[in-house]
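Below you'll find the structure, written out as structure tokens, and then a few comments.
Bear in mind the structure is a predicted one, so any value in this text is a computation, not a measurement. Proteins get letters first, then strands, A, B, ... in listed order; numbering begins at 1 in each.
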Number of protein chains: 2
Amino acid sequence: MHIIDSIDYFYLSLPEILDISDGSQDALLVRVISGEFTGWGECEASPLVTIASMISPMSHSTCKPVAVSALGEAIESPKDIYRIHEKIRRNSADLLQADHALSGIDIALWDLLGKIRQEPIYKLLGFNQAYPKVPYYSLLFDTTPEGTFKKARQAVNDGFKAVKFGWGTFGRKTLQSDIDHIVAAREGLGEDPILCVDAGMIWGSDVNNAVKRLPTLEKFNVTWLEEPFFALALDEYRELSKRSKKVKLAGGEAAHNEYIAKLMIDYAGIDYIQIDPGRIGGITSAKRVFDYVDKSNKIFVNHTFTSHLALSAALQTFAGGKRHFLCEYPGQISQLGKDLTTTHLSPNKDGEITLPEGPGLGLNPNLEKLQKYLLNVHINVNGECLYLTPPLTQ
Amino acid sequence: MHIIDSIDYFYLSLPEILDISDGSQDALLVRVISGEFTGWGECEASPLVTIASMISPMSHSTCKPVAVSALGEAIESPKDIYRIHEKIRRNSADLLQADHALSGIDIALWDLLGKIRQEPIYKLLGFNQAYPKVPYYSLLFDTTPEGTFKKARQAVNDGFKAVKFGWGTFGRKTLQSDIDHIVAAREGLGEDPILCVDAGMIWGSDVNNAVKRLPTLEKFNVTWLEEPFFALALDEYRELSKRSKKVKLAGGEAAHNEYIAKLMIDYAGIDYIQIDPGRIGGITSAKRVFDYVDKSNKIFVNHTFTSHLALSAALQTFAGGKRHFLCEYPGQISQLGKDLTTTHLSPNKDGEITLPEGPGLGLNPNLEKLQKYLLNVHINVNGECLYLTPPLTQ
């Protein structure tokens, strides 16, 4: 009988956080211990706020702190994780941050179960094998088209067959500036590699501004346009998808539950659905979305911009889906992101990413290297200590 | 020129929080100061988590602490509030709890602007007059049908013409138990009063379990069935709405932005859309949803279960909508909820609720009475104090 003995959270951060879109500048690591076994997970979320949601005093019956619903529960099979997952969603339904907190716990529970059962997570999820994925390299648009050209050329030289440019100057200057960057990216890549563009929600809910970019995106063979609008502007997505001839839409990284993901698939006209297990509710929710997408003609892709721990968690959820061939590969992650794991999922000789066959996530946090990033958090309410960062150990 | 000088948050709580659905057991009060003027708001959210989201260190460019986007901004007209609102949504797009935190700031900004301009908020929102609303009294189903009967009878004796029963035992026992409670509620009320039922998400995503209750709900003339499913189970709502002949569906309290509310209206087949300004993004977002609903044949209703400060905020957003005649009136609120304001919005001689004509929200927190509920919160990261509860003063 394996009982969840403890759940702990570790706020890791670079010494200085810059006002840029790089989401790997900090991290929240979750550790779940059951007897001799330890599972690890990572939330793609504000660390301090997520810690608060783990330990916050109860407000009422459906606004309970997240961790309390998992502590003391038994974990022997995937069914136990589904039960704990459901319990957290229900007990913390009115706690908005709970979906992000649950994500980290859920991933750690799957890692824990994998270690107990000595199996990789994708097998526990019912996949017979893990197909290699073609990594698309995520890069930020440079400040100049020349810079974007150089980044694209470098990516090809590094062996990547798919590249996504996003954020940076894109959408923030003139239409011509955006055209120049897309031309530069395509020229840098050459004709064959897959090119995707991430607009980073820049047009809010303004469909026309997005439509103006479509001819250039089509002309330079851009596979998808990602997040042109606010995450839940589904009517705007739907409208744009109807007005696009060739360029597909991508989105979904902000989905914090399965319902939102399904609406993006069924209603918003998105063809590439991008799910981050560190936000949507962990591996459990991501796998359910995968199963749903797999029954359609749409494509499931991971969203991963932080570490290889997060990357492994994401790959487990669609490992057995041969048709879903692309994976986001965090390219320009911070030193913290690199130091987060002892091993990394590097492209093989064919330039593809394969999952490790070790139990659980198949890789572990690099506890030695992470010590210097650990922030000491202390939360005290009316003289009672609700959270004090514990030692970061196995 | 009025500049936002400070934003502060006050975690108020009863000495003991019970594991019941009463959301008035704690509260988060938000205070915004500009020179000699003070505005107040209230979030319907986990206080500690929301405080953390106000002051949390930045994670990246779209995961910034909420308060920082409002501090130092000028506020002279509604346009300024719209600008600050938009800035918070964008700067904190990846911080899930931000929508709840924004809600409190937004309400406080409208109160502040009302005090600067010496006008009630509903006039600043463009309404010419505030129509009285018929309060529906929110009650929890009792443990026994006899208890539910007595509560219903008491509500009628107290002058209420509309009552909603919810939560408690409903949906947790047998179908017959639910039938008994609905029969008891209708018998207690008599033939004429409006009776609504709140299922408190009890059936998760199980449409059949909800369908089984429809004949009884129809037979006993229940106006709406509220939240039969998880908030975003929109397909299930849609399916149930098609299978119901007479009973309408109500929902929307969990909507934490306008997009979700619109989906509930357009996609889910909900006829009574219930918006809580303390969750959806404040008065700004609630008013936008009202404008949208008002163009349809659907009905806008507030969701309010905490205090009369929250009630005033909610009423301002649909004050001018004559057709939208009902308002949720927090019935069984805690002593904290009662003590939260110096004055209360009591039914007039016709049993209806009217908004006060004072500036802003038209009522103020009872600072003297609230002192005993104030929790002292201290959040410290790496030796730096990020939050320490300030004195609760005007």
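- The closest side-chain heavy-atom distance from A:Pro57 to B:Leu48 is below 4.5 Å.
- To the nearest 0.5 Å, the span separating CD on A:Gln97 from CG on B:Leu95 amounts to 5.5 Å.
- Here the CG atom belonging to A:Leu96 is positioned 9.0 Å from the OG atom belonging to B:Ser53, to the nearest 0.5 angstrom.
- Between A:Asp94 and B:Arg279 there is a side-chain heavy-atom pair separated by less than 4.5 Å.
- For the pair B:Val377 and A:Asn380, the minimum side-chain heavy-atom distance is 4.5 Å or more.
- By the side-chain contact (heavy atoms from CB on, under 4.5 Å) test, A:Ser285 is found to be paired with A:His85, A:Arg89, A:Glu258, A:Ile280, residues two or more places apart in sequence or in another chain being considered.
- Looking at B:His100, both its backbone and its side chain come within 4.5 Å of chain A, counting heavy atoms on both sides.
- Within the 4.5 angstrom heavy-atom criterion, atoms from both the backbone and the side chain of B:Ser56 approach chain A.
- Considering only heavy-atom pairs separated by less than 4.5 Å from chain A, the leading option among B:Asn91, B:Ile55, B:Ile260, B:Ile202 is B:Ile202.
- Side-chain atoms of B:Asn382 do not come within 3.5 Å of backbone N or O of A:Leu375 as any donor-acceptor pair.
- In terms of heavy-atom pairs under 4.5 Å with chain A, the best-connected choice from B:Asp266, B:Asp99, B:Leu263 is B:Leu263.
- Sorted by first and then second residue, the salt bridge (charged side-chain N to carboxylate O under 4.0 Å, His left out) pairs involving residues 52-67 of chain A (not counting sequence neighbours) are A:Lys64-B:Asp19.
- Between B:Val381 and A:Asn376, every side-chain heavy-atom pair lies at or beyond the 4.5 Å cut-off.
- With hydrogens and angles disregarded, no donor-acceptor distance shorter than 3.5 Å links the side chain of B:Gln25 to the backbone of A:His60.
- Taking CG from A:Asp26 and OG from B:Ser59, the interatomic distance works out to 3.5 Å, rounded to the nearest 0.5 Å.
- Atom OG of residue B:Ser205 and atom OH of residue A:Tyr259 lie 4.0 Å apart, to the nearest 0.5 angstrom.
- Around atom CZ of A:Arg83, more than 12 heavy atoms belonging to other residues, nucleotides or ligands sit under 6.0 Å away.
- Taking the six-membered ring where the residue is Trp, B:Tyr267 and A:Tyr267 present perpendicular rings, their angle passing 60° and hence far from 30°.
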